[in-house]
> 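One structure follows; several queries about it will come next.
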Amino acid sequence: MTLKDRIALRLKALFAGVALSKKSVEAVAEKLAKGLTDESTDEDIDGKLNERNELFSFEDQKKHDDYLAGKAAKEASDKAAADKAAAEKAAAEGKVDIPEDAPAWLKPLLEAQAATTKALTDQIAAINGEKVANTRRDQYAKTLEGTSEAFKAEALADFDLLNFKDDDHYSEWLGKKTESVKVFIQEDANGGMGNDRPVGGQGGNTKKVVAATDTELDAVMENL
């Protein structure tokens, strides 16, 4: 067993409640070994460890180890997230990040894979966009119930030319259109009232006047 191994064992025995990182244990053993020899006893090693603890406690060393470990974990997590986002963006744009040391035969395969991924992404986006557009069109069509077929056809044709920024923009537009369509339907209904009233005023019992023919007039004149 080397002197450094003995120092590490004594460190764990004397300060059992303090679990230092492997890197810190090796650093302590490396430094304390310079003031000891292979003939140093456990008591000698313990004395050096206690002196080191007085200068900078192993508990504080543990806190520093934990801080460094947490920092390293966060940096690794942030890098992984950034790499993933970059890869997804590159795939969506049909690009591929090829390592400089990659073999020549690998480049076309990676580019083809990226192109396929982009095509699938675009296809899915188009399908989802079409579903949203159709759903919105159906919703708008329901608000047009009660109008003429000609009015409805023209309104839907105008709708097909529109583009909405997002769902909020569409909802605001639909709300205004719904109200305007209701007003149009009511005004159209009010404008048609009274068109079926019979000629001749109230009651509608006035007889219809029919003009006499020339033959009928001649017959009357002969009887006079």
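What you see is a predicted model; the values in this text were computed from it and never measured. Hydrogens, waters and symmetry mates play no part in the numbers below; they use all other heavy atoms, side chains included. Numbers here are sequence positions counted from 1.
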> Check whether any side-chain heavy atom of I45 lies under 4.5 Å from a side-chain heavy atom of L32, and answer yes or no.
no

> So how far is it from T41 OG1 to D44 CG, rounded to the nearest 0.5 Å?
3.5 Å

> For D138 and T135, which I'm curious about, is there any donor-acceptor pair between the side chains at under 3.5 Å?
no

> If only atom types and distance count, is the side chain of S171 paired as donor or acceptor with the main-chain N or O of D167 below 3.5 Å?
yes

> Decide yes or no for T37 and L3: does some side-chain heavy atom of the first lie under 4.5 Å from some side-chain heavy atom of the second?
no

> Quick one: does T178's side chain get under 4.5 Å of V181's, heavy atoms only?
no

> Once you round to the nearest 0.5 Å, how far does CG of L174 lie from CD of E179?
10.0 Å

> Output the distance between atom CG (L68) and atom NE2 (H64), rounded to the nearest 0.5 Å.
4.0 Å

> Would you call I185 and K182 a side-chain contact if the rule is heavy atoms closer than 4.5 Å?
no

> For F58 versus N53, what's the shortest heavy-atom pair and its separation?
N-OD1, 2.9 Å

> Between T2 and D5, is there a side-chain donor-acceptor contact under 3.5 Å, judged purely by atom types and distance?
yes

> To the nearest 0.5 Å, what is the distance between NZ (K152) and CD (E149)?
4.5 Å

> Working to the nearest 0.5 Å, report the span between CG of L49 and CD of E54.
12.0 Å

> How about L55 and E51: do any of their side-chain heavy atoms sit closer than 4.5 Å?
no

> What distance separates R52 CZ from I7 CD1, expressed to the nearest 0.5 Å?
12.0 Å

> Can you give me the closest heavy-atom contact between K4 and A33, atom names plus distance?
CG-CB, 4.2 Å

> K177 and F159: side chain to side chain contact (heavy atoms under 4.5 Å, CB included), yes or no, with the steps?
CA-CA 11 Å; K177 277 295 182 180; F159 173 85; over 6 Å; no

> Can you name the residues that form a salt bridge (charged side-chain N to carboxylate O under 4.0 Å, His left out) with D46, not counting sequence neighbours?
R10

> Between E75 and K79, does the salt bridge (charged side-chain N to carboxylate O under 4.0 Å, His left out) criterion hold? Intermediate values first, please.
CA-CA 6 Å; E75 290 175 350; K79 184 178 184 304; over 6 Å; no

> Using only heavy-atom distances, determine whether the side chains of E59 and S57 contain a donor-acceptor pair under 3.5 Å.
no

> Can you tell whether the side chains of D78 and K74 come within less than 4.0 Å, N to carboxylate O?
yes

> Please check if the number of heavy atoms outside Q139 that lie under 6.0 Å from its CD is greater than 12.
yes

> Determine whether L162 and W173 satisfy the following criterion, side chain to side chain contact (heavy atoms under 4.5 Å, CB included), listing intermediate values before the conclusion.
CA-CA 11 Å; L162 299 178; W173 176 88; 3.5 Å; yes

> Salt bridge (charged side-chain N to carboxylate O under 4.0 Å, His left out) for D42 and R6? Distances and angles first, verdict last.
CA-CA 8 Å; D42 288 349; R6 290 174 58 200; 3.5 Å; yes

> I'd like a table of donor-acceptor pairs (distance under 3.5 Å, sequence neighbours excluded) in which one partner is a side-chain atom from residues 14-29, with atom names and distances.
unit_1: S21; atom_1: OG; unit_2: S24; atom_2: N; d: 3.2
unit_1: S21; atom_1: OG; unit_2: S24; atom_2: OG; d: 3.2
unit_1: S21; atom_1: OG; unit_2: D65; atom_2: OD2; d: 3.3
unit_1: S24; atom_1: OG; unit_2: Q61; atom_2: NE2; d: 3.2
unit_1: S24; atom_1: OG; unit_2: D65; atom_2: OD1; d: 2.7
unit_1: S24; atom_1: OG; unit_2: D65; atom_2: OD2; d: 2.9

